[in-house]
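Quick notes on the structure that follows.
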There are 2 protein chains.
Amino acid sequence: MDLRQLRYFVAVARERNFTRAAETLNIAQPPLSRQIQALEDELGVALLIRNSRPVRLTEAGRLFYEQSIQVLGRVEQMRAATRRVGLNQNSVLSIGFVASTLYGGLPSLLRKLRHRAPEIEIQVLEMASVQQIPALKEGRIDIGFGRLHHPDAGVVGIVLREERLVVAIPRGTPLAQSSDPLPVKALTGQELIVYPKEPRPGYADHVLNLLHGHDVRPSEVHEVREIQTALGLVAAESGLCVVPSSSRQMRSDVHYRLLDGERATTPVILYHRVGDSSPYIDLIKELIRDMYAENPPWISAEHNLPTRPAFVDEPSPAPEAQD
Amino acid sequence: MDLRQLRYFVAVARERNFTRAAETLNIAQPPLSRQIQALEDELGVALLIRNSRPVRLTEAGRLFYEQSIQVLGRVEQMRAATRRVGLNQNSVLSIGFVASTLYGGLPSLLRKLRHRAPEIEIQVLEMASVQQIPALKEGRIDIGFGRLHHPDAGVVGIVLREERLVVAIPRGTPLAQSSDPLPVKALTGQELIVYPKEPRPGYADHVLNLLHGHDVRPSEVHEVREIQTALGLVAAESGLCVVPSSSRQMRSDVHYRLLDGERATTPVILYHRVGDSSPYIDLIKELIRDMYAENPPWISAEHNLPTRPAFVDEPSPAPEAQD
DNA sequence: GCGCGCGATACTTTATTGGTATAATTCAAA
DNA sequence: TTTGAATTATACCAATAAAGTATCGCGCGC
């Protein structure tokens with residue numbers, strides 16, 4: 001498959017006519033026919049219904065058409081962004097993040113960042129915490145937002161907050177009768193759903209370690225690929241699932257109760273390379289400090305331990321910082 | 001630009017070595033060098049720093065590398081999805097939606113739909129309300145979720161709910177002192193920010209018409225491309241902005257007050273082709289009915305008029321429905 | 001400063017793409 | 001039902017572009 005074939009197919013799908021499409025593409029009609037045939041051969045799927053005038057799209061063709069438009073648009077954006085960065089010599093700040101931070105401060109931070117540093121190109125890449133460490137060391141990302149403590153000396157991790165954990169409980173079951181915090185012990189003998197299955201170690205292990213530390217053994221543990229599936233299974237009464245408090249908004253048809261117990265939290269950690277002297281690292285810390293000062297809803301005391309990031313604590317007691 | 005060039009570049013960026021990359025690609029090294037050169041020529045930007053061992057990526061190259069990986073992944077997904085649809089003869093349900101429905105019931109609906117009809121491929125396309133009408137008629141989408149009443153006889157529109165409007169107000173300004181509902185009249189003489197600038201007619205016109213209907217004339221109207229910009233300008237004290245109640249969660253650093261007055265609402269409308277006999281249209285209506293019965297937070301009486309979709313109202317008074 | 005590893009260049013061979021002519025279909029009007 | 005205009009497919013040739021081979025040149029480490 002080839003971008004040219006996508007362009008050709010899009011033209012045909014738009015015009016619903018090979019001849020006119022060939023004209024708009026400035027090629028003759030026969031090569032166009034052959035390219036489309038080659039595309040269909042490679043996919044092993046018919047995209048067009050030709051024994052009909054005008055030509056119609058098959059179901060597969062309709063899907064392929066819309067997707068092709070999006071891919072071509074994406075390629076165009078990529079080309080433009082690369083040009084911009086290359087020609088203006090401005091730099092790229094590449095940020096890795098775990099999906100759950102999308103429900104916390106990340107969107108707001110990105111907004112502030114784009115506003116304060118419009119000259120840089122910001123690239124965001126969703127990746128698991130463990131993947132962020134090597135990605136940082138290899139220079140693929142400059143900043144990471146994850147949930148895992150790590151032992152690597154080349155990367156510093158700064159705990160921004162300790163978010164409380166909640167248990168997702170199927171509606172209508174006995175545990176869902178109350179909204180009071182649930183002691184960790186109460187998970188003994190329950191069916192538990194954890195995520196993600198990969199990569200390891202990950203958030204799943206964080207939860208399993210927490211239970212182990214409380215001598216709690218679920219009757220059964222199902223591992224699923226992602227949180228959406230996990231909460232879906234909860235709604236289907238397949239078991240309980242421990243999620244960060246902020247992830248509640250993903251699904252409103254299950255019941256949530258705060259988890260009560262030692263270390264029943266999960267951190268949000270900012271990673272960057274040791275000795276990275278980019279001014280944007282400091283800018284990001286400053287913006288995070290601002291953001292925490294605004295007391296956004298996701299930082300409410302009910303769902304977080306009363307801690308603040310190290311670089312946020314400092315200014316208050318010591319008057320050397322200009323705030 | 002060409003997908004092959006992307007694959008080649010990714011291989012070089014991974015290996016940081018042309019010779020080894022050529023081996024993994026099963027080609028000789030010179031053609032690889034030339035393809036990368038051609039790519040850099042076309043972009044007009046250097047992607048690699050060659051006078052260094054091992055080869056390093058430039059800033060532009062780093063961006064292009066990550067983006068290339070994502071594009072190639074996307075193409076692969078597209079290929080797989082097209083195969084699946086074409087070979088298994090299962091159909092595609094294509095859903096257009098305005099961005100704001102992402103903050104309402106759309107995610108939950110999609111979850112339910114995937115669960116209830118795993119055999120179909122669901123394609124979602126973000127597009128403005130006015131674009132959805134022609135897209136429906138041309139068969140590019142089967143279902144639309146928008147916010148505009150339309151006169152087209154070929155498309156039915158079913159009002160799912162009337163969502164209340166709120167005014168986004170910069171923090172610290174006089175209007176932000178109260179949290180009580182704000183009469184439409186209070187917008188007289190204020191600077192107003194509306195979105196989207198395109199396509200017209202759109203939500204911007206809905207808001208402007210509302211003000212006109214109340215004989216309210218803002219001192220100035222700024223048009224911006226999207227809601228993020230609009231709320232950003234509000235935060236920057238450039239004016240006020242009228243947004244659907246559910247869009248509040250997009251930004252927490254501005255103050256919101258319900259708008260009080262006749263027709264100070266915006267509908268959420270389900271569109272589909274007149275006479276479309278697909279069973280999935282009915283399934284979607286059923287799922288929406290279920291969803292409304294669950295009383296999710298975004299449907300709370302505070303932020304919606306007490307109406308229900310036509311196909312939800314019906315079952316209660318008339319006993320002919322099987323629900 | 002010498003050699004090795006590695007990327008670039010020159011040239012040839014091979015594969016792919018596009019063009020022209022024409023046959024085969026479809027659809028609609030007579 | 002037949003016929004003709006429109007449209008797509010096929011056959012064949014020309015042009016273009018990609019890959020391979022041999023070799024050069026350069027950066028970097030010893």
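Below, chains carry the letters A, B, ... as their sequence lines are ordered, and counting in each starts from 1.
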For this session: Kindly say whether, by distance alone, the side chain of B:Q29 makes a donor-acceptor pair under 3.5 Å with the base of C:dA8?
Result: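 Answer is yes: a donor-acceptor pair is held.
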Exercise. In terms of the nearest nucleotide of DNA chain C, which residue is placed more toward the 5' end: A:N51 or A:I27?
Worked result: A:I27
Give a yes/no on whether any side-chain N or O of [X] is located under 4.0 angstrom from OP1 or OP2 of [N].
X     : N      : value
A:R4  : C:dG18 : yes
B:R34 : C:dA8  : no
A:Q37 : D:dT10 : yes
A:Q5  : C:dT17 : no
B:S33 : C:dA8  : yes
B:T19 : C:dG7  : yes
A:N17 : D:dT8  : yes

For this session: For the pair B:R289 and B:E286, find out whether any cationic side-chain nitrogen is under 4.0 Å from an anionic carboxylate oxygen.
Result: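 No, no charged N to carboxylate O under 4.0 Å.
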Problem set entry | A:E23 with A:R20: basic N within carboxylate O range, under 4.0 Å |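 Here A:E23 does not pair with A:R20 in a salt bridge, since their nearest N and O are not under 4.0 Å apart.
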For this session: Give the rounded distance in Å between these two atoms: CD1 of A:I49 and C1' of C:dT25.
Result: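 These atoms are roughly 16 Å apart.
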Problem set entry | Among D:dA9, C:dG7, C:dA10, the one nearest B:V55 by side-chain distance | C:dG7
For this session: Could you work out which one of C:dT20, C:dA8, D:dA19 sits closest to the side chain of B:R50?
Result: C:dA8
